[in-house]
Amino acid sequence: MVDTVEQVQNATSSSDALAPDTGRPLTRAEKIRFGVGFCLFSVLWMTAGTSGSQVLLPQRFTDLGIGVPEAILGTMNSVGCVFALVSNVIFGALSDMSHSRLGKRTPWVVAGGIVTALGYLYTAQAVTIPTIVAGWCLVQVGVNMMIAPAVAVLSDRIPESTRGTFSAFYGGGSIVGQSLGTLIGARFIGHMQVGFVLGICLFAVTGILTVIIWPREHSAVESAAATAARNGKGNQKQGLWHRLRVSFTPPTKGSRDFYLALGGRLFMMIGSSMVATYQLYILQKYCGLSVAESASTISTMSVISMVVTFFASIISGPISDKLRRRKAIVAVSSCILALGIALPWMFPTAAGMMCYAGIAGLGNGIYTSVDQALNVDVLPNKNEAGKDLGILNLANTLGQVIAPVLVSVLVIRAGYVFIFPVAIVMVLIGAAVIMLIRSVK
């Protein structure tokens, strides 16, 4: 009896180490290529996107003099979020349905980078509010055309036993890219055209370099032939329409943990965005710092956050794989983030905000490295990974949309001091929801 149990455990452990697409373990070279590819993917698009959205475009709106810069930026981001929400799900579903000789995900990752570059070029040259918004919406469409299929590769091609590690490469790259984007944007703020050209080039090569570095994806033509054979010639048209309907329908069967993961991430994003997005205003209007002091403090916070978050991300992913634990680590990271948010609430000073950057950076790094792996583990149907991960990624965008609205209401009615306890509650609710998941340890 004991031998039988051990055999079952060994078989389960062995299957966890097999790549879903090939049915064999990844070689050392393949692991390196996937790790570098995931990291580079995040670094490139986040560097280009952050330099534009947080530095170069806001400064250009000020220079154009066509309206209130804050209002233009807010309109651009708000409308762009709608396109991001829809695009992530659509392109995830379309990549699930693809039967290209290059694979299901590869064509979309490459095309997405080119579309993003064109949208960014258009936005950088636009001189009216409608054209600026239209250009940025195209950027969001292109970015999500890349992200949805790229994240689905974690489900398609990465063994379950190492998903935490590769999720860490993906998350760590985004953290580095965000910080690099801020620094590069500041470097070219006096030479914006050069900065915009650099961003366009980075977007354009993101998908191309990523698929070159990754091991080549297998052709998806065979799966198309198999599907046609199962449906039969007479039912082929019916099978196509059925697949279209299913591919754009949210999961319903065996999806309890899927929606718990969605809810947990949503609350987490709302809480973290409430403070992270308003750091400058918190420093000036809550901590009482001058413009120069707040700018200096934010620069220091950025460096602290980048270093702590990156190393926390890289370390936590492999630990998660080693312990075979996801939700407990995600819940602990949420509690660490809540502690970081509490520090400036209790100590409204520059030092309090720097401590927030370090502690919250630790929590964010741990969360980022493991959460994506947890999301893959709770997918109801691995064959619809692109679409379902796109739905889960809606939590990121929705959280960034809800947070500013919540902060605005709190600041108007009660002041900045109430942002922190509400943000803490949101993060802890997210942790509690994650702990309700049953299918993942």
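When reading the values below, keep in mind they use all heavy atoms of this one structure, side chains included, and skip hydrogens, waters and symmetry mates.
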TODO: First locate atom CZ of F169, then atom NZ of K31, and finally report the distance between them rounded to the nearest 0.5 Å.
DONE: 11.0 Å
TODO: Answer yes or no: does atom CZ of R256 have more than 12 heavy-atom neighbours from other residues, nucleotides or ligands under 6.0 Å?
DONE: yes
TODO: From the options I208, I212, V205, select the one residue that forms a side-chain contact (heavy atoms from CB on, under 4.5 Å) with V110.
DONE: I208
Open item on the list: If you compare all heavy atoms of T210 against all heavy atoms of G37, which two are closest, and at what distance to 0.1 Å?
Closed with: CG2-O, 3.9 Å
Task: Which residues share a ring pair (Phe, Tyr, Trp, His ring centres under 6.0 Å) with F310, sequence neighbours left out - done: none
Task: Heavy-atom check, side chain of L209 versus side chain of F41, under 4.5 Å - done: no
Open item on the list: Salt bridge or not between D257 and R438? Use side-chain N to carboxylate O under 4.0 Å.
Closed with: no
Task: Nearest-0.5 Å distance, CZ of residue F34 to OG1 of residue T27 - done: 9.5 Å
Task: Nearest heavy-atom neighbours spanning V370 and S316 - done: CG2-O, 4.2 Å
Task: Spacing of Y416 atom OH and L283 atom CG [to the nearest 0.5 Å] - done: 10.5 Å
- [ ] Scan for side-chain hydrogen bond (donor to acceptor under 3.5 Å, both in side chains) pairs involving residues 135-150, sequence neighbours excluded, and state none if there are none.
- [x] N88-N144
TODO: Determine yes or no for a side-chain-to-main-chain donor-acceptor pair under 3.5 angstrom, with S174 supplying the side chain and G171 the backbone.
DONE: yes
Open item on the list: Can you tell me how far apart CE (M426) and CG (L266) are? Round to the nearest 0.5 Å.
Closed with: 9.0 Å
- [ ] Check whether more than 12 heavy atoms from other residues, nucleotides or ligands sit under 6.0 Å from atom CZ of F83, and answer yes or no.
- [x] no
TODO: Indicate yes or no: does D156 engage R105 in a salt bridge with an N to O separation below 4.0 Å.
DONE: yes
- [ ] Would you check if the side chain of S273 reaches a backbone N or O of M269 as a donor-acceptor pair within less than 3.5 Å?
- [x] yes
Open item on the list: Suppose we call two aromatic rings close when their centres sit under 6.0 Å apart. Are Y286 and F420 close by that rule?
Closed with: yes
- [ ] Decide yes or no for E217 and L102: does some side-chain heavy atom of the first lie under 4.5 Å from some side-chain heavy atom of the second?
- [x] no
Open item on the list: How close do M301 and A357 get, counting heavy atoms only, and between which atoms?
Closed with: O-CB, 3.7 Å
Task: Rounded distance [0.5 Å steps], CG in L362 versus CD1 in I304 - done: 13.0 Å
- [ ] State plainly whether the residues E30 and R24 are in salt-bridge range, i.e. N to O under 4.0 Å.
- [x] yes
TODO: Would you check if L94 and M145 make a side-chain contact, meaning some heavy-atom pair closer than 4.5 Å?
DONE: no
TODO: Report the residue from K104, H218, R157 that forms a side chain to side chain donor-acceptor pair (under 3.5 Å) with D21.
DONE: R157
Open item on the list: Any side-chain to backbone donor/acceptor pair from T162 onto I158? Under 3.5 Å, distance only.
Closed with: no
Task: Check: L18 and P159 side chains under 4.5 Å, non-hydrogen atoms - done: no
Task: Check: T123 side chain, G135 main-chain N or O, donor-acceptor pair, under 3.5 Å - done: yes
- [ ] Please name the pair of heavy atoms, one in V153 and one in F38, separated by the smallest distance, quoted to 0.1 Å.
- [x] CG1-CZ, 3.9 Å
Open item on the list: On a heavy-atom basis, which atom in V411 and which in I419 lie closest, and how many Å separate them?
Closed with: CG2-CD1, 3.9 Å
- [ ] For R33, check side chain to side chain donor-acceptor pair (under 3.5 Å) against everything at least two apart and list the hits.
- [x] none
Open item on the list: Checking the side chain of S98 only, and the main-chain atoms of S100 only, is there a donor and an acceptor separated by less than 3.5 Å?
Closed with: no
- [ ] Indicate yes or no: at least one non-hydrogen side-chain atom of R163 is less than 4.5 angstrom from one of F166.
- [x] no
TODO: Measure from the side-chain N and O atoms of T349 to the backbone N and O of G352, and report whether any donor-acceptor pair falls under 3.5 Å.
DONE: yes
TODO: Test side-chain contact (heavy atoms from CB on, under 4.5 Å) on T297 and L289 and set out the steps.
DONE: CA-CA 9 Å; T297 302; L289 273 62; 3.4 Å; yes
Task: Exam field: side chain S95 to backbone G92, donor-acceptor pair closer than 3.5 Å - done: yes
Open item on the list: Checking T22 now: which residues fulfil side chain to side chain donor-acceptor pair (under 3.5 Å) with it, not counting sequence neighbours?
Closed with: none
Open item on the list: Is it the case that the side chains of D321 and T165 hold a donor-acceptor pair, with the cut-off being a distance below 3.5 Å and no angle test?
Closed with: yes
TODO: Kindly say whether I184 contributes a backbone atom to a donor-acceptor pair with the side chain of S51 at under 3.5 angstrom?
DONE: no
Task: Donor on one side chain, acceptor on other, W45 and T116, under 3.5 Å - done: no
- [ ] Side-chain contact test, heavy atoms from C-beta onward, threshold under 4.5 Å: evaluate it for I147 versus F91 and give yes or no.
- [x] no
Open item on the list: Quick one, L374 and I434 - any side-chain contact, counting heavy atoms below 4.5 Å?
Closed with: yes
- [ ] Return yes if some donor-acceptor pair links the side-chain N/O of T47 with the main-chain N/O of V43 below 3.5 Å, else return no.
- [x] yes
- [ ] Would you please test L428 and S334 for side-chain contact (heavy atoms from CB on, under 4.5 Å) and show each step?
- [x] CA-CA 6 Å; L428 293 180; S334 301; 5.7 Å; no
Task: side-chain hydrogen bond (donor to acceptor under 3.5 Å, both in side chains) assessment of S320 paired with R325 - done: CA-CA 5 Å; S320 171; R325 294 289 187 273; over 6 Å; no
Task: Separation between CZ of F61 and CE of M76, rounded to the nearest 0.5 Å - done: 4.5 Å
Open item on the list: Tell me if the OH atom of Y259 is crowded by more than 12 foreign heavy atoms within 6.0 Å.
Closed with: yes
Open item on the list: I'd like to know whether V79 forms a side-chain contact (heavy atoms from CB on, under 4.5 Å) with C137, so could you lay out the CA-CA distance, the side-chain angles of the two residues, the decisive distance to 0.1 Å, and finally the verdict.
Closed with: CA-CA 7 Å; V79 179; C137 289; 3.5 Å; yes
- [ ] Could you tell me whether K327 and D377 make a salt bridge, using a distance below 4.0 angstrom between a side-chain N and a carboxylate O?
- [x] no
Task: Set of ring pair (Phe, Tyr, Trp, His ring centres under 6.0 Å) partners for Y120, sequence neighbours left out - done: F196, F203
TODO: Evaluate the side-chain contact (heavy atoms from CB on, under 4.5 Å) criterion for residues V427 and F267: first the C-alpha distance (whole Å), next the side-chain angles of each, then the deciding distance (0.1 Å), finally the verdict.
DONE: CA-CA 6 Å; V427 169; F267 280 107; over 6 Å; no
Task: Counterpart residues, side chain to side chain donor-acceptor pair (under 3.5 Å), relative to S42 (two or more places apart) - done: none
Open item on the list: Looking at every heavy atom in both G207 and M146, which two are closest together, and how far apart are they?
Closed with: N-SD, 4.2 Å
Task: Student check: side-chain heavy atoms of I437 and R326 closer than 4.5 Å - done: no
